[in-house]
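Some notes on the structure that comes next.
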Number of protein chains: 2
Amino acid sequence: MTEICRGHEEHRDRIAAGRRRVPDREALLEVADFFDALGNPTRLKILYALTGAELCTCDLASIAELSVSAISHQLRILRDRKIISFRKEGKNVFYRLRDQHIVDLLSVAMEHMEEGPAHG
Amino acid sequence: MTEICRGHEEHRDRIAAGRRRVPDREALLEVADFFDALGNPTRLKILYALTGAELCTCDLASIAELSVSAISHQLRILRDRKIISFRKEGKNVFYRLRDQHIVDLLSVAMEHMEEGPAHG
DNA sequence: TTAATGGTTGAATAGTTGCTCAAATGATGA
DNA sequence: TCATCATTTGAGCAACTATTCAACCATTAA
């Protein structure tokens with residue numbers, strides 16, 4: 001691994017510059033975890049459903065058409081990644097998006113997808 | 001699966017409203033694929049390295065400290081998801097980020113991570 | 001206390017992913 | 001043509017993930 005293109009000083013310069021643009025390992029893993037959490041249809045369903053209202057686990061299960069257990073597992077991932085937060089009310093647990101960043105990101109993503117194919 | 005919280009009309013209303021906020025299946029899968037592509041440390045390294053300059057496969061392998069083959073596999077995923085594009089020059093293939101959206105997204109993500117821990 | 005309901009958790013498992021290795025492709029130049 | 005370099009590709013495999021199922025926990029109400 002990590003074989004370098006033979007000779008050519010320009011490669012070395014580009015590589016050094018490129019390396020400088022890459023965040024440190026910890027930050028990189030954090031960003032990866034964040035995007036990874038968004039990169040799953042079930043979790044995206046949950047998040048889009050939560051743009052605009054808080055919902056309980058069983059509401060989300062119904063919306064995603066999956067078992068309460070399956071949703072609960074996914075909710076834990078989203079909680080751990082600090083993408084959603086929750087409040088308990090009697091027997092119910094209500095989830096909501098943690099901050100406006102997430103709402104923005106989700107709508108920007110949709111727009112990006114819609115215009116994407118146009119300049120293929 | 002999809003058991004509904006017994007009775008309570010309010011649940012039905014919330015569920016119906018939530019469902020309306022979820023994009024259709026095709027769009028959802030597209031968005032998930034997009035975020036999924038960003039949700040991996042190796043691919044993020046590639047993308048951050050490409051913010052600011054185009055780089056060839058072997059430069060990227062050197063930066064990511066992985067085999068050229070491993071990087072090529074990841075580059076294909078990023079190409080397929082329309083996140084990067086490329087140009088061939090002699091024996092080399094130079095990759096670049098496909099549009100400014102991606103650059104913006106990567107820097108916004110870094111900022112979000114940096115401020116995230118502050119408000120718990 | 002018991003029963004019922006909403007939710008979480010852990011084990012099991014089928015499916016997916018990321019890497020390595022070896023082989024193939026494509027471009028360049030002798 | 002042949003050799004070499006940069007890259008791509010496919011198979012194989014270990015590690016990871018999303019779901020299901022069964023068991024458990026927590027709150028409410030009798």
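This is a predicted model, so every value here is computed, not measured. Below, chain A is the first sequence line, B the second, and so on; all start at residue 1. Worth knowing before you read on, the calculation uses all heavy atoms, side chains too, and leaves out hydrogens, waters and symmetry mates.
With contacts defined as side-chain heavy-atom distances shorter than 4.5 Å, the pair A:L78/A:F86 does not qualify. Contact annotation: the side chain of A:L60 never approaches that of A:L66 to less than 4.5 Å [non-hydrogen atoms, C-beta and beyond].
Between the CG atom of B:L75 and the C1' atom of D:dT7 there is a distance of 10 Å, rounded to whole Å. Atom CZ of B:R87 is separated from atom P of D:dT7 by 12 Å (rounded to the nearest Å). Put simply, CD on B:E54 is 12 Å from P on D:dT7, counting in whole angstrom units. Put simply, CG on B:L78 is 16 Å from P on D:dT7, counting in whole angstrom units. Between B:I15 atom CD1 and C:dG6 atom P the separation is 11 Å, expressed in whole Å. To the nearest angstrom, C1' of C:dT8 lies 13 Å from CD1 of A:I71. Residue B:E89 contributes atom CD, which lies 15 Å from atom C1' of D:dC5 at whole-angstrom precision. Atom pair A:K45:NZ and D:dA18:C1' shows a separation of 13 Å (rounding to whole Å applied).
Close to D:dT27, at under 4.0 Å from its OP1 or OP2, lies no side-chain N or O of A:N92. Considering only side-chain N and O atoms, B:Q74 lies nowhere under 4.0 angstrom from the phosphate OP1 or OP2 of C:dT17. The shortest distance between the side-chain N/O atoms of A:R76 and the OP1/OP2 oxygens of C:dG7 is not below 4.0 Å. Between C:dT8 and A:T57, a contact under 4.0 Å exists linking OP1 or OP2 to a side-chain N or O. Residue B:N40 places no side-chain N or O under 4.0 Å from the OP1 or OP2 atom of C:dT17.
Residue B:R79 is the one, among A:K88 and B:R79, whose nearest nucleotide of DNA chain D lies closer to the 5' end (criterion: closest heavy atom). Between B:A70 and A:T42, the one whose closest nucleotide on DNA chain D sits nearer the 5' end is B:A70.
Checked against C:dC19, D:dT20, C:dA27, the side chain of A:L66 finds its nearest nucleotide in D:dT20.
Residue-to-nucleotide contacts include no donor-acceptor pair under 3.5 Å from the side chain of B:S69 to the base of D:dT8. For a distance-only test at 3.5 Å, the side chain of B:H73 qualifies as a donor-acceptor partner of the base of D:dG10.
Using a 4.0 Å heavy-atom distance criterion, B:S72 is classed as a base contact. Within 4.0 Å of B:Y95, counting heavy atoms only, lie sugar-phosphate atoms of the nucleic acid but no base atom.
Ion pair B:R87/B:E54 flagged as a salt bridge, since at least one NZ, NE, NH1 or NH2 atom sits closer than 4.0 Å to an Asp/Glu carboxylate oxygen.
If you chain together hydrophobic residues whose side chains sit under 4.5 Å apart, B:L75 and B:V103 fall into the same group.
Side chains of B:R96 and B:S85: a donor-acceptor N/O pair is present below 3.5 angstrom, by distance only.
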